[in-house]
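Below is one structure, written out as structure tokens; the observations come after it.
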Amino acid sequence: MSIKIYNTFTGNKEEFKPVEEGRAKLYVCGVTVYDHCHIGHARSAIVFDVIYRYLKAKGLDVVFVKNFTDIDDKILKKANTEGVPWKEVGEKYIRSFKEDMGALNILTPTYEPRATEHIDDMIRLVETLLDKGHAYRVDDDVYFSVESFVGYGRLSNRSLDEMMAGARVDVDDRKRNPLDFALWKGSKEGEPYWETSFGKGRPGWHIECSVMSTKYLGSPFDIHGGGKDLVFPHHENERAQSEAATGVRFVNYWVHNGFVNIEKEKMSKSLGNFLLIKDFMKEYHPEVLRLFFLSTHYRNPVDYTDKSIEDTNNALQRLYYTLERAREAGKGKEASAAPFRAARELEEKFYEAMDDDFNTALALSSVFELSKMVNRMVDEHDESRVPRILYARDVLVTLAQGIGLLLDDVDAFSEKERTRHLSRMGLDAASIEGMIEERVQARKNKDYKKSDEIRDTLAQKGILLQDSPKGTEWRIKSGVTTKGEDR
RNA sequence: GGCGGCAUAGCCAAGUGGUAAGGCAGCGGUCUGCAAAACCGUUAUUCUCCGGUUCAAAUCCGGAUGCCGCCUCCA
């Protein structure tokens, strides 16, 4: 079945028809590297990672480009306040970005171009726009003339007149139209610059994406993605300057992900409610964040709350425990996976959901149904069930991994949960094992009062005990943290 | 002021014409020394409200109310 994608440009879901048969060309606006990434960046990265993975899984040869904006006002400002060379600022945060993406299991794009490595191409594009009369010089700056491009405003669905009516347009007498934007900025004293036929300076923000996308993908290319906030002005401007220069369509499908709020408030530095990816991962497994975001449709806003994350954490644990149980059930038994209809139907449902504009929230329902299916069969303790258990488990894992979930090893997952929890609570495994051993003895002596006391003590520390014929195991009860009081 | 979005159970969240997915939490049961985990059952006769179209509406149309985003750097 074909894939349908919601296109911001038309406002409709459309069947995906790639420019080149069998290929998909995808460009996503990356980050400006002047700070660590927050969970808003993570959402965008995860959404497009899923799209990238899914297009590949559909057999398309995907060329995926994600840029780094490594020359920008904010970077220069940071360099200034920290007293380090601006290039070092970029390097530092590119490194940080890669760490975070690695931890979140974001696949590395085919190309990760940096703005500073494409200055020559940007200069040529500005020259072309000047030649064609779409741009004009004012002192050392070069502006794009929005009135020279007929379709300006069509992507963000607004007309020039409407935008003019907005009171918040920066009025600059030097511009022909207040909405004209900088293609090139003359450099001020002490700022980095490049020599060009139109003066010393550095590129404006929008020009780099036009250059780097078409350089690696051609014109038109298939999908251009980014956060919803980029629709205007960034993508509108990219589109205008690209199409004005080339005379052909720039992008076929515009895809935008919704925003992340924290406790119903927009994340912003001024509100001080930013949550860095690195800080999140101190508290939770990275897949918790991925599962959380994929539980909501990518175009809708999502509200990050401690409770939602706890809920998601429980749900993810459930999936991993299912895998563990399936493994135990199949252990030592000569059995190979046997396909059966009910599991296949869920698999089909999953793909149908994904085909329909990457409906991960709906697709996940199949994953959870499979989890329940596996658990139910495991509970039957019937050896003849094992082949089906293994099959359902395999389907579950394949589907989940297709969207970047359940990629961790089952034991590694549990181990990470324990380690994270213990360090958070300031506990050590040995003392817990000791208490468990003590309790095992008490139980042998049928001293249930004592054994229950030990269990309660551990429970208060967020340690959950599970008795089974094989012995007593412990795991983490979510929601118990030392910082419980400040919540 | 302009443009756009959202409103579904205690909470989160799919569903855009055919009679309400899934997750979390809760409750009852099975299992267990008791628990936990897991499973089974249960929790919205109803989808913010008011009208309309239709054999049929959470879904389409009109109106009202509430919340949010963009219009300025921003994933």
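In what follows, chains carry the letters A, B, and so on, assigned in the order in which the sequence lines appear, proteins first and then strands, with residues in each chain numbered from 1. A quick note: this is a predicted structure, and the numbers were derived from the prediction, not measured.
Contact record, Val288(A) with Asn313(A): CG2-ND2, 3.3 Å, taken as the closest heavy-atom pair. What you find for Ile389(A) and Ala329(A) is that their closest heavy atoms are CD1-CB, 4.2 Å.
With P as the reference atom, A13(B) and C55(B) are 36 Å apart, rounded to whole Å. Atom C1' of U19(B) sits at a distance of 10 Å from the matching atom of A57(B), rounded to the whole Å. Taking atom C1' in both A21(B) and C12(B), the straight-line distance is 14 Å, to the nearest Å. For the P atom pair drawn from G63(B) and C68(B), the interatomic distance equals 23 Å after rounding to whole Å. Taking the C1' atoms as reference points, C39(B) lies 37 Å from U48(B), given to the whole Å. C3(B) sits 38 Å from U45(B) when the P atoms are compared, rounded to a whole Å. Of the P atoms belonging to C71(B) and A37(B), the separation is 46 Å, rounded to the nearest Å. Taking atom C1' on both G69(B) and U30(B), the two are 49 Å apart, rounded to the nearest angstrom.
In this structure, Arg475(A) reaches the sugar-phosphate backbone alone: every heavy-atom distance under 4.0 Å involves primed, P, OP1 or OP2 atoms, never a base. Heavy atoms of Gly40(A) sit under 4.0 angstrom from at least one base atom. Across all strands shown, Lys264(A) has no heavy atoms under 4.0 Å from either base or sugar-phosphate atoms. Looking at heavy-atom distances under 4.0 Å, Tyr448(A) makes contact with a base. Asp379(A) comes within contact range of at least one nucleobase, with a heavy-atom separation under 4.0 Å. Looking at heavy-atom distances under 4.0 Å, Asp467(A) makes contact with a base. Using a 4.0 Å heavy-atom cutoff across all strands shown, Phe259(A) reaches at least one base atom of the nucleic acid. Here Asn300(A) lies in heavy-atom contact (under 4.0 Å) with sugar-phosphate atoms only. Backbone-only engagement by Leu230(A) is indicated by non-hydrogen atom pairs under 4.0 Å involving sugar-phosphate atoms exclusively. Base engagement by Met267(A) is indicated by at least one non-hydrogen atom pair under 4.0 Å involving a base atom. Across all strands, Asn157(A) comes closer than 4.0 Å only to sugar-phosphate atoms, never to a base (heavy-atom distances). Residue contacts shown for Ser451(A) include a base, since a base heavy atom lies under 4.0 Å away. Counting any heavy atom pair closer than 4.0 Å across all strands shown, Arg376(A) reaches sugar-phosphate atoms only and no base atom. When heavy atoms are screened at a 4.0 angstrom cut-off, Val260(A) is found touching base atoms of the nucleic acid.
Nucleotide A36(B) holds its P atom 17 Å from the CD1 atom of Ile476(A), rounded to whole Å. Computed from coordinates, the Ile463(A) CD1 to A35(B) P distance equals 22 Å when rounded to whole Å. For Asp303(A) and A7(B), the CG to P distance is 14 Å, given to the nearest whole Å. As a whole-Å value, the separation of Arg154(A) CZ from C71(B) C1' is 19 Å. In this entry the distance linking CZ of Phe181(A) with P of C73(B) reads 12 Å, nearest Å. C67(B) atom P lies 19 Å from atom CD of Glu263(A), rounded to whole Å. Distance CZ (Phe280(A)) to P (A75(B)): 20 Å, rounded to an integer number of Å. In this structure, the NZ atom of Lys228(A) is 15 Å from the C1' atom of C71(B), given to the nearest Å.
Note on Lys266(A): a side-chain N or O is less than 4.0 Å away from OP1 or OP2 of C70(B). In terms of phosphate contacts, Asn375(A) brings no side-chain nitrogen or oxygen within less than 4.0 Å of OP1 or OP2 of C40(B).
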Nucleotide by nucleotide, nucleotides 19-25 of chain B touches protein heavy atoms under 4.0 Å in the pattern (B base, S sugar-phosphate only, - none) --BSSSS

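Arg455(A) contributes a side-chain N or O that forms a donor-acceptor pair with the base of A35(B) under 3.5 Å. Judged by atom type and distance alone, Asp452(A) reaches the base of G33(B) through a side-chain donor-acceptor pair under 3.5 Å.
Ring orientation note: the planes of Phe250(A) and Trp254(A) are tilted relative to one another, at an angle of 30° to 60°.
Side-chain proximity of Asn359(A) to the nucleotides A14(B), A75(B), C40(B) is greatest for A14(B). The Gln466(A) side chain lies nearest to A36(B) when the options are G33(B), A36(B), A75(B). Side chain of Leu464(A), nearest nucleotide from A75(B), A36(B), A35(B): A36(B). Of the candidate nucleotides A75(B), A13(B), C73(B), A75(B) has the atom lying nearest to any side-chain atom of Asn257(A).
For the pair Arg202(A) and Asp72(A), the salt-bridge criterion is not met [side-chain N within less than 4.0 Å of a carboxylate O]. Residues Glu438(A) and Lys450(A) are paired through a salt bridge, judged by an N-O separation under 4.0 Å between the basic side chain and the carboxylate.
Environment of NZ in Lys333(A): crowded, with over 12 heavy atoms of neighbouring residues, nucleotides or ligands closer than 6.0 Å. Annotation for Lys278(A): atom NZ counts as buried by contact number, over 12 foreign heavy atoms lying within 6.0 Å. Around atom CD of Glu383(A), no more than 12 heavy atoms belonging to other residues, nucleotides or ligands sit under 6.0 Å away. No more than 12 heavy-atom neighbours from other residues, nucleotides or ligands sit within 6.0 angstrom of CZ on Arg154(A).
Between the side chain of Ser451(A) and the main chain of Arg439(A), no donor-acceptor pair closer than 3.5 Å is present.
The partner of C60(B) is G52(B), by the rule that a Watson-Crick or G-U pair needs both atom distances under 3.5 Å. Pairing of C39(B), defined by two Watson-Crick or G-U wobble distances under 3.5 Å, is identified with G29(B). Pairing for C67(B) is with G5(B), a Watson-Crick or G-U wobble pair whose two hydrogen-bonding atom distances lie under 3.5 Å.
Place Pro301(A) and Ser468(A) on RNA chain B by their nearest nucleotides, and Pro301(A) ends up nearer the 5' end. With RNA chain B read from its 5' end, the first of the two nearest nucleotides for Asn261(A) and Gly227(A) is the one closest to Asn261(A).
Asn67(A) places a side-chain heavy atom less than 4.5 Å from the side chain of Tyr27(A).
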